[in-house]
Amino acid sequence: MAKKITVKDLLDNTRLTVVTGGEYLDRPITTENISRPGLEMTGYFNYYAAERVQLMGITETSFAQRMSHEEKLLVARKMMSAETPVFVVSTGRQLPEEFMQAANEAQIPVLATELTSSRILSNMTYFLSGQLAERQSVHGVLVDIFGLGVLITGDSGVGKSETALELIQRGHRLIADDRVDIYQQDEERLVGEAPAILKNLMELRGVGIIDVLNLFGAGAVRNHATISFNLHLAKWEDGQVVDRLGNGEDSIRILDVDLPRLVLPVQSGRNLAILIETAAKNFRAKQMGFDATETFNSNLNSLITENSN
C-alpha cells in the first residue's frame with residue numbers, strides 16, 4: 001500500500017516556506033502529479049485536476065497582472081477546490097491578493113520558494129513519487145554493500161539476520177531487517193526501506209531485538225537504497241543443482257521490474273558474509289564489463305583450438 005502524506009510532509013522535505021494557511025497543513029496529498037494552471041488562468045476549466053498540487057511561477061503570476069480584480073477573484077475561487085491540497089509559488093513571486101483571499105476562504109495553505117519552477121517541480125515530484133508509490137512488502141534483509149543494495153532472502157531460520165549482522169560489523173550498512181518495503185522509483189529501479197516500526201532494528205534469535213543505530217553508530221544504517229540484486233540463501237541439499245560458473249540469468253519480478261537473482265547454497269563451514277561481499281563485487285565488475293565467466297570461456301576455447309591444431 002502507498003503511504004498517506006500531507007502538505008506538512010511536503011513542507012518538511014522540500015525547500016518551501018509557509019505564506020499563509022499554516023493551520024491547514026494537515027490536508028492530504030493523494031497524487032504525485034503536479035499542475036501548472038496556465039489554461040485555468042484564462043478561465044478554461046473543462047478539465048481541471050483539482051486534486052493535484054498547484055504550482056504557479058513567473059508565467060502564471062505575470063498573466064494575473066493583466067487580469068481585472070473580478071476576473072482574478074472568479075478564477076481563484078474556481079481553482080481553490082475542496083480537493084486541492086496546496087498552492088505553491090516559485091521563483092520568489094507573490095500570489096495576487098485575490099488568490100490569497102480565495103485560499104483563506106477555502107482553507108488551502110499557500111507555500112513559497114525562491115527556487116525556479118523547474119527546480120521545485122523536480123524536487124516535489126521526486127518526493128511525492130517516492131512517498132505515494134505502491135509498496136510491496138518482502139520478507140528478507142536489505143543491506144548496502146559497497147554502495148549496492150543487496151536484498152537477502154531465504155527460508156526462515158536460514159541465517160539472514162545473522163549474516164547481515166556480520167556484514168554490518170565488516171563496515172556495511174543496514175537498511176531493513178525481517179521485512180523490506182519496496183517501491184518502484186521508475187521503469188528500471190526498485191527502492192527498499194524499512195517499515196517505520198522496524199527502522200534501525202534487528203531481530204536475532206536467542207539475543208532479541210537490537211538497535212543497530214545505538215550499538216554500531218550512524219554509519220551502520222541507511223534510510224533507503226536502490227536494490228541492485230536479490231541474493232537468495234538456499235539450504236544445501238544432496239543432489240542439488242548449483243550454478244558453478246555463474247553464468248545463469250535468473251531473476252525475480254517485483255512490482256514491474258525484473259530484479260537479477262543469485263542463489264547461494266547455505267552449508268556448514270561457508271562464510272556467508274564474505275561470499276555475499278564477493279558476490280556484490282562480482283556483480284559490480286560485470287556491470288563495468290569485466291565478466292570472469294566470459295574470460296574462462298574464452299580461455300577454454302583458446303585451449304581447445306590450440307590442442308586441436
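- In this structure, A225 and L142 approach most closely via the heavy-atom pair O-CD2, 4.3 Å.
- If you chain together hydrophobic residues whose side chains sit under 4.5 Å apart, I274 and L167 never meet in one group.
- Under the 4.5 Å side-chain criterion, counting only non-hydrogen atoms from C-beta, S62 is in contact with R93.
- The two residues V266 and L233 come nearest to each other via the heavy atoms CG2-CB, 3.7 Å.
- In this structure, D256 has no side-chain hydrogen bond (donor to acceptor under 3.5 Å, both in side chains) partners at least two apart in sequence or on a different chain.
- Within the 4.5 Å cutoff, the side chain of S129 has heavy atoms near those of the Q185 side chain.
- No single ILVMFWY cluster, assembled from side-chain heavy atoms under 4.5 Å apart, contains both L73 and M67.
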Run the side-chain contact (heavy atoms from CB on, under 4.5 Å) check on I227 and V191 step by step: do they pass? CA-CA 6 Å; I227 303 175; V191 176; over 6 Å; no
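- M202 is connected to V207 through a chain of hydrophobic side-chain contacts under 4.5 Å among Ile, Leu, Val, Met, Phe, Trp and Tyr, so both are in one cluster.
- Separation of atoms CD1 (I197) and CG (D178) is listed at 11.0 Å; rounding is to 0.5 Å.
- Looking at residues two or more places apart in sequence or on another chain, you find a salt bridge (charged side-chain N to carboxylate O under 4.0 Å, His left out) between E60 and R36.
- Judged by distance alone, with hydrogens and angles left aside, the side-chain atoms of N13 form a donor-acceptor pair with the main-chain N or O of D9 at under 3.5 Å.
- Note that the CZ atom of R170 and the CD1 atom of I276 stand 11.0 Å from one another [nearest 0.5 Å].
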In residues 74-88, what donor-acceptor pairs under 3.5 Å come from side-chain atoms, sequence neighbours left out?
| residue | atom | partner | partner atom | Å |
| --- | --- | --- | --- | --- |
| R77 | NE | E105 | OE1 | 3.1 |
| R77 | NH2 | E105 | OE2 | 3.1 |
| S81 | OG | E83 | N | 3.2 |
| T84 | OG1 | A50 | O | 2.9 |
| T84 | OG1 | M79 | O | 3.3 |
| T84 | OG1 | S81 | N | 3.4 |

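- A heavy-atom distance below 4.5 Å is found between the side chains of V141 and L174.
- Under the side-chain hydrogen bond (donor to acceptor under 3.5 Å, both in side chains) criterion, the residue pairs touching residues 194-203 are K199-N223, with sequence neighbours excluded.
- At least one side-chain heavy atom of L128 sits under 4.5 Å from a side-chain heavy atom of L10.
- Closest approach of T6 to I29, counting heavy atoms only: O-CD1, 3.9 Å.
- Cluster annotation: F63 is connected to V89 through the hydrophobic network of ILVMFWY side chains, with a link wherever side-chain heavy atoms come within less than 4.5 Å.
- Within the 3.5 Å criterion, the main-chain N or O of N33 finds a donor-acceptor partner in the side chain of T31.
- Across all non-hydrogen atoms, the minimal contact from V143 to I175 is C-CD1, 3.7 Å.
- Within 6.0 Å of CD in Q94 there are 12 or fewer heavy atoms belonging to other residues, nucleotides or ligands.
- In R253, the CZ atom is crowded: over 12 heavy atoms of neighbouring residues, nucleotides or ligands sit closer than 6.0 Å.
- Of the possible polar contacts, none joining the S122 side chain to the S118 backbone as a donor-acceptor pair under 3.5 Å is found.
- Here the straight-line distance linking atom CG of L121 with atom OG of S35 works out to 10.0 Å at 0.5 Å rounding.
- Rounding to the nearest 0.5 Å places CG of L115 at 8.0 Å from CG of L16.
- Between the side chains of R189 and T226, no donor-acceptor pair of N or O atoms lies under 3.5 Å.
- Side-chain heavy atoms closer than 4.5 Å link hydrophobic residues (I, L, V, M, F, W, Y) into clusters, and following such links, even through other members, never connects V263 to I252.
- Tested against Q136 for a side chain to side chain contact (heavy atoms under 4.5 Å, CB included), the candidates D181, I254, V180, L190 yield a single pass: I254.
- Scanning for ring-ring contact (aromatic ring centres under 6.0 Å, His included) contacts around Y126 gives an empty result, with sequence neighbours left out.
- Every residue two or more places apart in sequence or in another chain was checked for a salt bridge (charged side-chain N to carboxylate O under 4.0 Å, His left out) with E32, and none qualifies.
- A heavy-atom distance below 4.5 Å is found between the side chains of N271 and E166.
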Would V19 and L111 satisfy side-chain contact (heavy atoms from CB on, under 4.5 Å), going step by step from the backbone distance to the final call? CA-CA 5 Å; V19 177; L111 309 181; 5.9 Å; no
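- Contact between S90 and I120 at its shortest, heavy atoms only, is CB-CG2, 4.0 Å.
- The line from CG of L231 to OG of S228 is 12.0 Å long, rounded to the nearest 0.5 Å.
- In this structure the side chain of T278 never reaches within 4.5 angstrom of the side chain of F283, judged on heavy atoms.
- One distance of note links CG of L11 with CG of L25; it measures 6.0 Å at 0.5 Å rounding.
- Among all heavy-atom pairs drawn from A49 and Q54, the shortest one is O-NE2, 3.0 Å.
- A distance-only check finds a donor-acceptor pair linking the side chain of T61 to the backbone of I58 [under 3.5 Å].
- E97 and K72 are not joined by a salt bridge, as no carboxylate oxygen comes within less than 4.0 angstrom of a charged side-chain nitrogen.
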Given side-chain contact (heavy atoms from CB on, under 4.5 Å), test V257 with D186 step by step and report yes or no. CA-CA 9 Å; V257 177; D186 53 36; over 6 Å; no
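- By the ring-ring contact (aromatic ring centres under 6.0 Å, His included) test, Y183 is found to be paired with no residue, residues two or more places apart in sequence or in another chain being considered.
- Here the side chain of R119 pairs no donor or acceptor atom with the backbone of S117 at under 3.5 angstrom.
- Residues passing the salt bridge (charged side-chain N to carboxylate O under 4.0 Å, His left out) test with R284: none are found, sequence neighbours excluded.
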Return a table of donor-acceptor pairs under 3.5 angstrom between the side chains of residues 144-164 and protein atoms on other chains or two or more places apart.
| residue | atom | partner | partner atom | Å |
| --- | --- | --- | --- | --- |
| D144 | OD1 | G147 | N | 3.0 |
| D144 | OD2 | R173 | NH2 | 3.4 |
| D144 | OD2 | R222 | NH1 | 2.6 |
| T153 | OG1 | N230 | ND2 | 3.1 |
| T153 | OG1 | H232 | ND1 | 2.9 |
| S156 | OG | R205 | NH2 | 3.1 |
| K160 | NZ | G154 | O | 3.2 |
| K160 | NZ | D155 | O | 3.2 |
| S161 | OG | D177 | OD1 | 2.7 |
| T163 | OG1 | G159 | O | 2.7 |

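- F127 meets the ring-ring contact (aromatic ring centres under 6.0 Å, His included) test with no other residue; sequence neighbours excluded.
- Listed by first and then second residue, the side-chain hydrogen bond (donor to acceptor under 3.5 Å, both in side chains) pairs that reach into residues 14-28 are T20-N104, sequence neighbours excluded.
- Applying the ring pair (Phe, Tyr, Trp, His ring centres under 6.0 Å) test to every pair with at least one member in residues 26-46, sequence neighbours left out, gives these pairs: F45-Y48.
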